[in-house]
Amino acid sequence: MKFLQDNEPVIIFILACICLAYTGFLFSFKIGFLIISVELFVMAIISYFRGW
């Protein structure tokens, strides 16, 4: 349970980006890949600040 409490914002962010990327792919592959790139960049920053 502690895992979910500590990582809830990250899990919600990942789920939101998956939904956005899916919507982006419905319109254009470029938009979908742009959203995925931004998500990976933000996840790298989060990992750096959390010390993973």
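As the structure is a computational prediction, the values presented were derived from the model and not from experiment.
For the side-chain contact (heavy atoms from CB on, under 4.5 Å) criterion with Val42, the lone passing option out of Ile45, Leu40, Ile46 is Ile46.
Under a hydrophobic clustering in which Ile, Leu, Val, Met, Phe, Trp and Tyr are joined whenever their side-chain heavy atoms come within less than 4.5 Å, directly or via other members, Tyr22 and Leu15 fall into different clusters. Hydrophobic clustering (side-chain heavy atoms under 4.5 Å, transitive across Ile, Leu, Val, Met, Phe, Trp, Tyr) groups Phe41 together with Phe49. Both Phe27 and Ile35 sit in one connected hydrophobic cluster of ILVMFWY residues. Membership requires side-chain heavy atoms under 4.5 Å apart, directly or through other members. The same ILVMFWY cluster, assembled from side-chain heavy atoms under 4.5 Å apart, contains both Ile18 and Val10.
A distance of 11.0 Å separates CD1 in Ile31 from CG in Leu20, rounded to the nearest 0.5 Å.
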